[in-house]
Amino acid sequence: MTVLIIGGSGFLGTELVRQAVAAGHQTAATFASRPGKPSGVAWRPLDVRDPARVARVIADVEPSVVLNVSSGQSDWAVTADGAIRVALAAAEQGCRLAHVSSDAVFSGAHVRYDESSLPDPVSPYGAAKAAAETAVRLLVPGAVVARTSLILGHGQSGHERMVHDLVAGTRGGVLFTDDIRCPVHVEDLAAALWELALSDAAGVFHLAGPDALSRHDLGVLIARHQGLDGAQLPAGRRADTNLPGALDVRLDSRATQERLRTRLRGAHEFLREDDRSLQEPLVANEAGYGPARGG
């Protein structure tokens with residue numbers, strides 16, 4: 001089977017590529033600025049803002065399955081329009097499509113959201129993701145739309161790097177005590193995405209862990225996992241800033257979990273203090289944290 005990962009050089013994309021190669025799939029992946037490190041992959045440059053290039057890449061690869069994990073954050077041309085171009089090209093080629101969305105499509109007004117919940121975004125990024133969801137479901141009715149939350153794993157995620165840097169004092173900022181999400185491990189998320197993508201599932205699915213934690217509480221868990229002093233982490237409230245976005249958003253993934261073989265672990269489980277063998281060098285970054293003190 002030939003698979004194509006749009007955004008394959010990113011944090012989640014890299015794990016999807018690794019699992020695809022390990023499963024023996026003929027794997028192609030795209031990158032925006034530089035190819036990823038995994039070998040055995042046909043790397044292709046792609047700017048999803050270019051409709052002709054998107055169509056050409058999918059037509060050339062002729063994949064059975066396309067996974068779109070690209071994101072330009074609040075850049076509408078990438079996050080919304082880019083996802084629409086991928087969906088159009090996948091529909092034209094008759095490809096199976098799995099599109100990764102975000103808990104940012106919700107306002108937090110209802111706190112807990114299951115797969116039937118309708119988007120009500122309050123940030124530009126959330127609005128772009130919600131628009132992409134709607135377009136994908138209309139253009140490719142058989143597609144998988146998978147919403148996820150804060151992605152962690154092996155010390156390489158943005159939140160893990162932020163914790164390390166804050167404890168080390170190499171950057172300013174705070175971790176919010178009122179910004180609550182349901183973290184998921186990147187390996188679990190990738191495995192669940194492949195399970196859905198390679199099935200006949202269609203519609204909206206939630207892929208998040210069962211533990212709801214503030215960014216600060218999560219940071220303390222990460223610090224302990226890395227052998228650092230969590231008491232060194234500065235705390236703040238997102239409500240006291242002018243940053244857009246929801247505060248408390250908890251993806252309810254129980255209905256999706258019931259149909260999966262892959263178990264989505266909670267942060268308390270995958271960040272056990274005695275499980276430090278998974279750690280690797282910190283190499284990534286991510287938005288969503290407090291401003292530097294005094295800034």
Side-chain angles (χ1 to χ4, degrees), residues 12 16 67-69 71 79-80 83 87 96-153 157 159 176 178-215 217-218 238 244-270 288:
L12 174 56
L16 286 165
L67 273 77
N68 184 11
V69 298
S71 176
T79 302
R96 172 94 169 127
L97 175 64
H99 170 84
V100 176
S101 189
S102 166
D103 56 13
V105 301
F106 297 122
S107 69
H110 301 295
V111 179
R112 187 171 293 278
Y113 295 86
D114 65 18
E115 292 85 348
S116 67
S117 300
L118 298 178
D120 61 340
V122 291
S123 70
Y125 173 59
K129 277 295 193 182
E133 280 191 14
T134 300
V136 166
R137 296 183 68 192
L138 286 172
L139 293 169
V140 190
V144 166
V145 172
R147 297 175 181 141
T148 192
S149 190
L150 193 60
I151 308 172
L152 304 178
S157 70
H159 197 85
F176 296 128
D178 58 348
D179 189 330
I180 298 173
R181 298 295 186 271
C182 294
V184 64
H185 196 283
V186 66
E187 288 184 3
D188 299 347
L189 176 57
L193 282 168
W194 278 123
E195 190 174 339
L196 290 170
L198 299 177
S199 73
D200 60 358
V204 176
F205 301 90
H206 282 185
L207 299 176
D211 299 340
L213 295 165
S214 73
R215 287 184 183 263
D217 287 343
L218 179 60
R238 184 168 184 158
L247 294 178
D248 192 342
V249 176
R250 309 181 190 200
L251 289 187
D252 184 343
S253 303
R254 289 176 295 179
T256 298
Q257 180 67 89
E258 287 179 359
R259 67 179 296 154
L260 293 174
R261 296 185 304 276
T262 302
R263 189 168 66 87
L264 302 168
R265 295 169 292 166
H268 283 103
E269 180 177 352
F270 65 72

For V204 and R137, run side chain to side chain contact (heavy atoms under 4.5 Å, CB included): C-alpha distance rounded to whole Å, both residues' side-chain angles, the deciding distance at 0.1 Å, then the answer. CA-CA 9 Å; V204 176; R137 296 183 68 192; 3.6 Å; yes
If the condition is side chain to side chain donor-acceptor pair (under 3.5 Å), which residues does R250 pass it with, not counting sequence neighbours? D248
Any side-chain heavy atom of R215 sitting closer than 4.5 Å to one from L150? yes
Between E187 and F270, is there a side-chain heavy-atom distance shorter than 4.5 Å? no
Could you note down all residue pairs passing salt bridge (Lys or Arg N to Asp or Glu O under 4.0 Å) where residues 189-206 supplies at least one of them, sequence neighbours left out? E195-R261
Taking the side chain as every heavy atom from C-beta outward, state whether L213 and H268 have any atom pair closer than 4.5 Å. yes
Just wondering, do R265 and D211 contact through their side chains at under 4.5 Å, heavy atoms? no
Side chains of L207 and L196 in contact at under 4.5 Å (non-hydrogen atoms): yes
Can you name the nearest heavy-atom pair linking P183 to S149, along with the distance? N-OG, 4.5 Å
Mind checking side-chain contact (heavy atoms from CB on, under 4.5 Å) for L247 and listing every partner two or more places apart, or none if nothing turns up? D178, R238, A239
What pair of heavy atoms forms the shortest contact from V186 to G153, and how long is it? CG1-CA, 4.2 Å
Just wondering, do L218 and H159 contact through their side chains at under 4.5 Å, heavy atoms? yes
Would you give the length of the straight line joining atom OG1 of T148 to atom CG of L189, rounded to the nearest 0.5 angstrom? 4.0 Å
Would you please name every residue forming a side-chain contact (heavy atoms from CB on, under 4.5 Å) with S102, sequence neighbours left out? A104, Y125, K129
What is the minimum heavy-atom distance between G245 and V122, and which atoms define it? C-CG2, 3.7 Å
Check this for me: does any side-chain nitrogen of one of R112 and D114 sit under 4.0 Å from a carboxylate oxygen of the other? no
List the residues meeting ring pair (Phe, Tyr, Trp, His ring centres under 6.0 Å) with F106, not counting sequence neighbours, and say none if there are none. Y113
For the residue pair L16 and L193, establish whether any side-chain heavy-atom pair is separated by less than 4.5 Å. yes
Applying side-chain contact (heavy atoms from CB on, under 4.5 Å) to S199 and not counting sequence neighbours gives R96, A201
Partner of S157 by side-chain contact (heavy atoms from CB on, under 4.5 Å), out of L152, L12, I151: L152
Residues two or more places apart in sequence or in another chain: which of them pass salt bridge (charged side-chain N to carboxylate O under 4.0 Å, His left out) with D217? none
Residues which pass side-chain contact (heavy atoms from CB on, under 4.5 Å) with A132, listed by chain and number, not counting sequence neighbours: A83, H99
Between the CG atom in L67 and the CG atom in L97, the distance rounded to the nearest 0.5 Å is 8.0 Å
How would you list, by chain and number, every residue that makes a salt bridge (charged side-chain N to carboxylate O under 4.0 Å, His left out) with R147, sequence neighbours excluded? E133
R254: which residues meet the salt bridge (charged side-chain N to carboxylate O under 4.0 Å, His left out) condition with it, sequence neighbours left out? D252
To check you understand the geometry: which heavy-atom pair defines the closest contact between A80 and A128, and what is its length? CB-O, 3.6 Å
Closest heavy-atom pair and its distance - L264, S253: CD1-CB, 4.4 Å
Return the minimal non-hydrogen interatomic distance between V145 and S101, and the atom names on each side. CG1-CB, 4.2 Å
Holding to side chain to side chain donor-acceptor pair (under 3.5 Å), I want the full list of residues that pass it with T134, two or more places apart in sequence or in another chain. none
Sorted by chain and residue number, the salt bridge (charged side-chain N to carboxylate O under 4.0 Å, His left out) partners of R263 (sequence neighbours excluded) come out as E269
Taking side chain as C-beta onward, heavy atoms only, is S107 less than 4.5 Å from P121? no
